[in-house]
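Let me begin by presenting the structure, written as structure tokens, before commenting on it.
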Amino acid sequence: MSDMKDLKLVVAGAGGRMGRALIQSIDAIPGVVLVGAFDRPGAASIGADAGQLAGLSANGVIVTDDPGAALGGADGVLDFTAPEATVALARRASTAGLVHIIGTTGCSDEDEAAIRDAAAGARIVKSGNMSLGVNLLAVLVEDAARALEAADWDIEVLEMHHRHKVDAPSGTALLLGQAAAHGRAIDLAEKSVRVRDGHTGARPEGTIGFATLRGGSVVGEHTVLIAGEGETIELTHKATDRAIFARGAVKAALWASRQQPGLYSMIDVLGLKSHN
Ligand SMILES: NC(=O)C1=CN([C@@H]2O[C@H](COP(=O)(O)OP(=O)(O)OC[C@H]3O[C@@H](n4cnc5c(N)ncnc54)[C@H](OP(=O)(O)O)[C@@H]3O)[C@@H](O)[C@H]2O)C=CC1
Ligand SMILES: O=C(O)C1=N[C@H](C(=O)O)C[C@H](O)C1
């Protein structure tokens, strides 16, 4: 049963893998209520009952292709869609002063700039991974990278995801690479090696490499390898259920509803300590 004070949430991309997981988490977590759901025009989910779409009982929230209609009267929106949709939604959230939780990955530098601008009016939490485990791992990676000198220790980020994923490296791989770069006080954009093919030459010292695997139904696996002479450290996270991301997004919405407009991360939401 919902309470008058429940945070009123809308799910964007309701028919997607994460959209359905978000509807389930909103149903399961006290203090939030689903008041709207929308998807891309033409999507198979349009017209469906959002509860039934997520494998729950009917809840009377009908999936629309009109974001404006879905957002009417809402406090916030959970958005795991695609970069173009997310930028447009951030602008709407800014105008309406909404909470906007962004899980979408694969955003360009221009998209990131537009989202930063939108945070003047919206309370945005954006992260390549909303799980507690990955954000804790990021803190550990930052500490390890700080402690282990680049001259002796090489950092590589390996990820695997399901065959449907459209962006690479994953948002999580980039988040972990960024944590390592913070630890080493270097600029990731200058030091990252995203592709290797052919006669590449020896590994340049101090770079952070990325490797991407795709296949099957893997929810998300990430390993940061820190390789030295005669020993390798592996820091790994394996996701087996999308509920970890969805629960994190709902927690982020509740947290953001108590903040001023701005752009926040899951490290902020979880109160984890980053040294940068
Ligand atoms: N940060 C995190 O913790 C996590 C992030 N993700 C990220 O979330 C995103 C979605 O992942 P996933 O759920 O697996 O992908 P899906 O393709 O299953 O879902 C995306 C949904 O968004 C919809 N969509 C696309 N464009 C629009 C639009 N303009 N307006 C409204 N809806 C739109 C899609 O519709 P249609 O299919 O018809 O195009 C689809 O329903 C990805 O970027 C992924 O990397 C995923 C898991 C965790
Ligand atoms: O697309 C996915 O599925 C996932 N995307 C996020 C990413 O790009 O890291 C998070 C998670 O790994 C699942």
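Remember, it's 1-based here, ligands and their atoms both numbered in the order they're listed.
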Can you figure out which of [options] has its heavy atom closest to [atom]?
atom: atom 6 (C) of ligand 2; options: G220, G128, S170, A173; result: G128
atom: atom 11 (C) of ligand 2; options: H161, M160, E221; result: H161
atom: atom 3 (O) of ligand 2; options: H222, H164, H162; result: H162

Connected via hydrophobic side-chain network under 4.5 Å: [X] and [Y]:
X: L53; Y: L56; answer: no
X: V250; Y: V61; answer: yes
X: W255; Y: V134; answer: no

Within the 4.0 Å heavy-atom shell around [X], which atoms of ligand 1 are there?
X: A43; value: 38 (O)
X: F245; value: 3 (O), 47 (C), 48 (C)
X: K165; value: 45 (O)
X: G103; value: 1 (N), 2 (C), 4 (C), 5 (C), 6 (N), 7 (C), 8 (O)
X: M18; value: 13 (O), 46 (C), 47 (C)

Is a side-chain N or O of [X] found less than 3.5 angstrom from the main chain of [Y], in a donor-acceptor match?
X: T236; Y: T223; answer: no
X: R258; Y: L254; answer: yes
X: D49; Y: I62; answer: no
X: D27; Y: Q24; answer: no

Where on S127 is there a heavy atom closer than 4.0 Å to ligand 1, on the side chain, on the backbone, on both, or on neither? backbone

Under 4.0 Å between a Lys/Arg side-chain N and an Asp/Glu carboxylate O for R146 and E142? yes

Please determine if E159 and R214 form a salt bridge, counting it only when a charged side-chain N lies under 4.0 Å from a carboxylate O. yes

Is the closest N or O pair between K165 and ligand 2 shorter than 3.5 Å? yes

Ignoring angles and geometry beyond distance, decide whether G171 reaches within less than 3.5 Å of ligand 2 through its nitrogen or oxygen atoms. yes

Does CD in Q259 sit with more than 12 non-hydrogen atoms of other residues, nucleotides or ligands closer than 6.0 Å? yes

CD (Q52) with more than 12 external heavy atoms under 6.0 Å: yes

Heavy atom of the protein closest to [atom] (residue, atom name, distance):
atom: atom 35 (O) of ligand 1; value: D39 OD1, 3.2 Å
atom: atom 26 (N) of ligand 1; value: R40 CD, 3.9 Å
atom: atom 3 (O) of ligand 1; value: M130 N, 2.8 Å
atom: atom 29 (N) of ligand 1; value: A85 CB, 3.3 Å
atom: atom 19 (O) of ligand 1; value: G16 CA, 3.3 Å
atom: atom 44 (C) of ligand 1; value: T105 OG1, 3.6 Å
atom: atom 8 (O) of ligand 1; value: F80 CB, 3.5 Å
atom: atom 17 (O) of ligand 1; value: R17 NH2, 3.7 Å

Would you check if there is a donor-acceptor pair between the side chains of D66 and T64 at a distance under 3.5 Å? no

Out of D152, D154, I155, which one pairs with I226 under the side-chain contact (heavy atoms from CB on, under 4.5 Å) rule? I155

Have a look at F80 and tell me which of V11, T105, L22 forms a side-chain contact (heavy atoms from CB on, under 4.5 Å) with it. L22

With heavy atoms only and a cut-off of under 4.0 Å, state how V219 meets ligand 2: side chain, backbone, both or neither. backbone

So the atoms of ligand 2 within less than 4.0 Å of a heavy atom of T172 turn out to be 7 (C), 9 (O), 10 (C), 12 (O)

Which ligand 2 atoms does T105 reach within 4.0 Å, using its non-hydrogen atoms? 7 (C), 8 (O)

If you round to the nearest 0.5 Å, how far is CD1 of I101 from NZ of K251? 13.0 Å

Are there protein heavy-atom neighbours of atom 37 (O) of ligand 1 below 4.0 Å? no

Decide whether the shortest distance between a heavy atom of G106 and an atom of ligand 1 is less than 4.0 Å. no

Return yes or no for this condition: an N or O of A14 is under 3.5 Å from an N or O of ligand 1. no

